[in-house]
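Read through the structure below, which is laid out as structure tokens, and then see the notes.
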Amino acid sequence: MSEVNDKIVIVTGGANGIGAFSVEVFIENQAKHVAILDIDTISGFKLEKHLNTTYGDGKVKFYKCDVSIDDQLFGAFNKVLDSHGYIDVVVNNAAVSLENSLEGIRRLVDINVTALVMSTLKAIEIMRVDKTGKGGTIINISSIAALKQFCPSVFVYCGTKSAVLQFSNCIGKQEYFSKTGVRVITVCYGPTDTDLVPLMINIDDSINPEIRSNIDAQKLQTAESAARGLLEAYKNGASGSTWLVFDSKVTEITSNIDRAYDIMSENFTK
Ligand SMILES: NC(=O)c1ccc[n+]([C@@H]2O[C@H](COP(=O)([O-])OP(=O)(O)OC[C@H]3O[C@@H](n4cnc5c(N)ncnc54)[C@H](O)[C@@H]3O)[C@@H](O)[C@H]2O)c1
Ligand SMILES: CCCCC[C@H](O)/C=C/[C@H]1C=CC(=O)[C@@H]1CCCCCCC(=O)O
């Protein structure tokens, strides 16, 4: 079981929603320090102040950072390294869901996929035991959007969450983990009560009413219960494992993913 005690943690998109509760859950469980990387300065500084008042000065620090801009992302990693000497855990949580313009779609892919890949590669470079690191954990946030073919839906968002799942599972495989000592775990959340859900809007306005009514029919788990599920995955997950946090229940679904890929590849493997 992996412990949170004394860990230096980064949470991207940690100023609001599930990310903000993830920051608190790590601090509550004795992490040494959590760095919040987010573009939302108002919520970020407010959360930093609240958690430092509750848990002690210096436990949390907000860094204004657009994860889709490499200089800002890597700059924030380097500042955390300079201040704390190491990074043990990176939670790649930042994402957006609004795909109602071409420009918005490009940004969505940049944030949900490209930035998550860059952050994962940077974290592995820092933490890998076969270079100068001492190992660590990366948790990449996917969704039920990667597990089911939703239609009509926010198609690009769904595609980005599938990319997160496959990238994280491949790079997290035992063969690579045994070289790097860096666990890569994927967490798929089910519908959760945050600001992201009302912003699920497609560029094809003709399907938005159906998307909206499907979403409105869903029961939403709280952001806090989602974050508690993330902690369970952190504590118990092997590298390459996938965890579902749906309706406040946590289930390891690695064997389902493996079976699905066995089926998808059955005509070209053996
Ligand atoms: N809410 C759900 O139902 C749900 C379901 C499945 C998966 N997820 C996933 O959970 C994660 C958290 O989502 P949430 O629902 O808490 O969303 P949210 O909108 O409440 O929070 C997202 C955070 O990311 C930040 N962010 C956005 N763009 C950024 C950027 N370029 N750089 C840095 N920070 C940025 C936002 O400012 C915000 O603080 C996301 O990866 C999301 O895809 C959410
Ligand atoms: C049938 C609709 C079920 C989903 C409703 C729910 O409130 C939405 C949850 C999404 C929020 C963020 C995601 O990743 C979650 C998954 C999104 C996947 C698909 C979006 C569905 C749609 O756009 O109609």
Side-chain angles (χ1 to χ4, degrees), residues 10-23 35-47 62-70 72-73 75-76 91-100 104 106-116 118-119 139-165 168 186-204 207-227 229-230 243-248:
I10 287 180
V11 180
T12 72
N16 296 286
I18 304 168
F21 280 101
S22 307
V23 173
I36 302 167
L37 275 48
D38 205 296
I39 44 175
D40 183 347
T41 42
I42 294 177
S43 300
F45 283 124
K46 196 170 155 200
L47 183 64
F62 170 68
Y63 295 84
K64 183 176 189 297
C65 167
D66 182 334
V67 293
S68 69
I69 300 173
D70 289 350
Q72 292 189 21
L73 178 67
V91 182
N92 288 311
N93 164 85
V96 293
S97 59
L98 185 64
E99 52 181 77
N100 64 348
R106 189 174 293 281
R107 182 149 177 77
L108 183 147
V109 177
D110 280 351
I111 295 169
N112 295 13
V113 182
T114 314
L116 178 140
M118 294 301 165
S119 176
I139 306 185
N140 286 338
I141 303 304
S142 182
S143 164
I144 55 165
L147 303 175
K148 193 177 149 147
Q149 295 173 335
F150 289 99
C151 187
S153 75
V154 271
F155 302 125
V156 186
Y157 176 83
C158 292
T160 65
K161 290 300 172 181
S162 295
V164 170
L165 179 69
S168 308
T186 309
V187 172
C188 297
Y189 295 124
T192 310
D193 190 9
T194 71
D195 295 345
L196 183 110
V197 176
L199 291 174
M200 300 201 130
I201 304 172
N202 197 294
I203 195 166
D204 178 353
I207 60 174
N208 280 323
E210 195 178 339
I211 292 176
R212 192 57 28 214
S213 70
N214 285 341
I215 288 175
D216 288 345
Q218 298 299 306
K219 183 179 168 204
L220 303 176
Q221 63 188 357
T222 63
E224 181 177 357
S225 66
L230 170 93
W243 296 74
L244 175 68
V245 185
F246 186 96
D247 201 11
S248 306

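We number each residue from 1, following the sequence as shown. In each ligand, atom 1 is the first atom listed, and ligand 1 is the first ligand listed.
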Looking only at non-hydrogen atoms, the one of Leu73, Ile141, Asp38 nearest atom 37 (O) of ligand 1 is Asp38
Below 4.0 angstrom from a heavy atom of Gly17, which ligand 1 atoms are there? Numbered from 1 as shown, please.
16 (O), 20 (O)
For atom 35 (C) of ligand 1, tell me which residue out of Ile39, Ile144, Asn140 has the closest non-hydrogen atom.
Ile39
Is Ser97 in contact with ligand 1, taking contact as a heavy-atom separation below 4.0 Å?
no
Does ligand 1 have an atom under 4.0 Å from some heavy atom of Ala226?
no
Keeping Glu99 on the side-chain end and Val156 on the backbone end, is there a donor-acceptor pair under 3.5 Å?
yes
Residue portion contacting ligand 1 (non-hydrogen atoms closer than 4.0 Å) for Asn93
both
Return yes when Pro191 approaches ligand 1 closer than 4.0 angstrom through a heavy atom, no otherwise.
yes
Run through Asp38, Thr194, Asp40 and flag the one making a side chain to side chain donor-acceptor pair (under 3.5 Å) with Asn16.
Asp40
Pick whichever of Ala145, Ala95, Ala146, Pro198 has a heavy atom sitting closest to atom 22 (C) of ligand 1.
Ala95
Write 'none' if nothing qualifies; otherwise put on separate lines each N/O atom of ligand 2 with a protein N/O atom under 3.5 Å away and their distance to 0.1 Å.
residue, atom, partner, partner atom, Å
ligand 2, 14 (O), Ser143, OG, 2.4
ligand 2, 14 (O), Tyr157, OH, 2.6
ligand 2, 23 (O), Val154, N, 3.4
ligand 2, 24 (O), Pro152, O, 3.2

Backbone N or O of Leu165 within a donor-acceptor pair of the Ser168 side chain at under 3.5 Å?
no
Should Thr12 be listed as contacting ligand 1, given a heavy-atom distance under 4.0 Å as the test?
no
Counting heavy atoms only, which of Ile215, Thr194, Val164 comes nearest to atom 1 (N) of ligand 1?
Thr194
